[in-house]
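One structure is given below, encoded as structure tokens.
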Amino acid sequence: MREVLVVRPASGPPYRVLCGEGAPEALASAWDAAWSRPVMIADSTTDRLFGGALASALEARGHDPLRLGVPPGEGHKTREVKAALEDAMLAAGIDRRGCIIALGGGMVLDLAGFVAATYMRGIAHVNVATTLLSQVDAAVGGKTAVNTPLGKNMVGAFHHPRLVLLDTAALAQLDDAALASGLSEMVKHGVIGDRALFDDLEAWATSAQTRRPPDDLIARAVSVKAEVIAEDDRDRGRRNSLNFGHTAGHAIEHAAGIDHGHAVASGMIIEGRAALRNGSFPKEAHERLTALLTRLGLPVTPACSFETARPFLLRDKKNAGDVRCALPARLGAADPGPEGRFTAPVALAELERAWA
Ligand SMILES: NC(=O)c1ccc[n+]([C@@H]2O[C@H](COP(=O)([O-])OP(=O)(O)OC[C@H]3O[C@@H](n4cnc5c(N)ncnc54)[C@H](O)[C@@H]3O)[C@@H](O)[C@H]2O)c1
């Protein structure tokens, strides 16, 4: 593994991001002497696939990891599962110098990060991200949360990890749909923050034999998020730009019951079209975005009607008496919007037209 960047969040200490193969050895050698016992939190799939090697590497350095497991899937990112993890840590005598190692996709990272945020008023955690979506998105930025019956990510905290490992060897185990989901967020990062990344994703997609992107493109996609976080890690301004495609995308995800990355792909097409209509996004850019998503096997038409999605659009967290979207200004740049908060009100009628 090699260090690809250092995240310097607007609030909170900097942390390193390592990317590549060999996560167990990299974690063992980056272990901070100030941390006492490692607490590994994985879901049953990531524990089975990667837990043994990680535990062995830590044991070889004289550590005695406490291994805790949760069932896989979004349905287990709950307060109840969090409480069970905390009880297990308390029973094992984990003190405030303990360090949680979150091993898995975004579900495990969000859940374990939230345990770290509140256990003994906050302890250290390391993210070992094993899905493409979690590598390019959830692993950095410090958002942790659980779901409640009334909504996703409704209870949570900002708590940055101390170290992030992007285990790209783990991607070999992911199917094409899971890879495409992560690719959708990588394209989004290109659109809102890095024109060269967008160009290189296009070039790679034209010749790629696989949906597993090269490490270099993964690292560059994370860099876009890191740059945003350096300016705003609390959703006060530029961080909102990361929500391009997400107002329509979340509504489609929930109304049609489809995967996040696929929903966001069609969400970017809809919101990109709204930006095109209000003159803030060039037509040629929208055509290239459509072509790239199509080539990556992502949907460019919404999986449900506007009418089905309407109630979910009205419930979006960014709304402030209207429906708000984070729009691009051109390929590689987000639109700061009328108030410099990187969202703009979009009339429902406008979104409905863009849906078609
Ligand atoms: N905090 C943030 O900033 C942020 C950003 C984006 C998404 N998220 C959250 O991330 C979650 C979605 O993340 P996800 O898509 O990684 O889903 P996930 O963590 O649920 O993983 C999907 C499935 O893949 C399995 N898996 C994980 N790694 C694997 C591997 N290498 N090979 C084979 N199977 C593997 C998991 O066990 C799980 O069954 C959501 O809860 C979302 O809210 C958080």
Side-chain angles (χ1 to χ4, degrees), residues 7 9 21 23 41-51 53-54 69-78 81-82 102-117 125 127-148 151-161 164-186 188-189 211-212 218 221-222 224-226 228-229 232-235 239-246 249-250 253-254 258-265 267 317:
V7 183
E21 309 202 345
I41 298 181
D43 67 32
S44 47
T45 305
T46 55
D47 184 60
R48 176 174 52 79
L49 292 172
F50 316 113
L54 206 61
V70 298
E74 197 59 28
H76 300 284
K77 201 175 102 176
T78 62
V81 172
K82 176 174 181 272
L103 173 64
M107 177 266 178
V108 169
L109 268 46
D110 278 10
L111 172 68
F114 191 26
V115 173
H125 74 292
N127 283 336
V128 183
T130 62
T131 63
L132 186 58
L133 182 81
S134 64
Q135 292 177 0
V136 297
D137 201 349
V140 301
K143 281 191 182 176
T144 73
V146 292
N147 304 325
T148 78
K152 263 192 79 174
N153 298 328
M154 283 297 164
V155 179
F158 287 102
H159 190 64
H160 287 284
V164 173
L165 306 186
L166 311 178
D167 182 0
T168 52
L171 301 180
Q173 314 277 345
L174 284 183
D175 61 24
D176 278 359
L179 289 169
S181 193
L183 286 166
S184 178
E185 297 287 352
M186 290 176 68
K188 180 202 75 183
H189 287 180
R211 291 239 170 92
R212 181 181 158 186
I218 295 174
V222 182
V224 171
K225 183 159 180 183
V228 170
I229 300 304
D232 164 31
D233 62 351
R234 298 284 162 124
D235 290 337
R239 190 167 187 162
N240 290 322
S241 67
L242 295 169
N243 286 318
F244 170 47
H246 282 60
H250 276 149
E253 180 181 353
H254 295 122
I258 66 164
D259 148 275
H260 178 77
H262 288 70
V264 165
K317 273 192 270 192

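Counting convention: from 1, in listed order, for ligands and their atoms alike. Treat the numbers as computed from the prediction; the structure is a model and nothing was measured.
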After noting the C-alpha distance and the side-chain angles of H246 and E185, does the key distance pass the side-chain hydrogen bond (donor to acceptor under 3.5 Å, both in side chains) rule?
CA-CA 10 Å; H246 282 60; E185 297 287 352; 3.2 Å; yes
N or O contacts of ligand 1 with protein under 3.5 Å, please list pair by pair.
{"residue": "ligand 1", "atom": "1 (N)", "partner": "D110", "partner atom": "OD1", "Å": "2.9"}
{"residue": "ligand 1", "atom": "1 (N)", "partner": "K143", "partner atom": "O", "Å": "3.0"}
{"residue": "ligand 1", "atom": "3 (O)", "partner": "K225", "partner atom": "NZ", "Å": "3.4"}
{"residue": "ligand 1", "atom": "13 (O)", "partner": "G106", "partner atom": "N", "Å": "3.2"}
{"residue": "ligand 1", "atom": "16 (O)", "partner": "G106", "partner atom": "N", "Å": "2.9"}
{"residue": "ligand 1", "atom": "16 (O)", "partner": "T131", "partner atom": "OG1", "Å": "2.6"}
{"residue": "ligand 1", "atom": "19 (O)", "partner": "G106", "partner atom": "N", "Å": "3.1"}
{"residue": "ligand 1", "atom": "19 (O)", "partner": "M107", "partner atom": "N", "Å": "3.0"}
{"residue": "ligand 1", "atom": "28 (N)", "partner": "T130", "partner atom": "OG1", "Å": "2.8"}
{"residue": "ligand 1", "atom": "31 (N)", "partner": "T130", "partner atom": "O", "Å": "2.9"}
{"residue": "ligand 1", "atom": "31 (N)", "partner": "A170", "partner atom": "O", "Å": "2.9"}
{"residue": "ligand 1", "atom": "37 (O)", "partner": "D43", "partner atom": "OD1", "Å": "3.0"}
{"residue": "ligand 1", "atom": "37 (O)", "partner": "D43", "partner atom": "OD2", "Å": "2.7"}
{"residue": "ligand 1", "atom": "41 (O)", "partner": "E74", "partner atom": "OE1", "Å": "2.6"}
{"residue": "ligand 1", "atom": "41 (O)", "partner": "E74", "partner atom": "OE2", "Å": "3.0"}
{"residue": "ligand 1", "atom": "41 (O)", "partner": "K77", "partner atom": "NZ", "Å": "2.8"}
{"residue": "ligand 1", "atom": "43 (O)", "partner": "K77", "partner atom": "NZ", "Å": "3.1"}
{"residue": "ligand 1", "atom": "43 (O)", "partner": "N153", "partner atom": "ND2", "Å": "3.4"}

Of all heavy-atom pairs between A116 and H159, which one has the smallest distance, and what is that distance?
O-NE2, 3.6 Å
Test side-chain hydrogen bond (donor to acceptor under 3.5 Å, both in side chains) applied to S44 and D47, step by step
CA-CA 5 Å; S44 47; D47 184 60; over 6 Å; no
If the plane angle is over 60° it's perpendicular, under 30° parallel, otherwise tilted; pick one for H250 and H260.
tilted
Run the side-chain contact (heavy atoms from CB on, under 4.5 Å) check on R211 and L174 step by step: do they pass?
CA-CA 10 Å; R211 291 239 170 92; L174 284 183; over 6 Å; no
Can H160 and D233 be said to form a side-chain hydrogen bond (donor to acceptor under 3.5 Å, both in side chains), step by step?
CA-CA 10 Å; H160 287 284; D233 62 351; 2.9 Å; yes
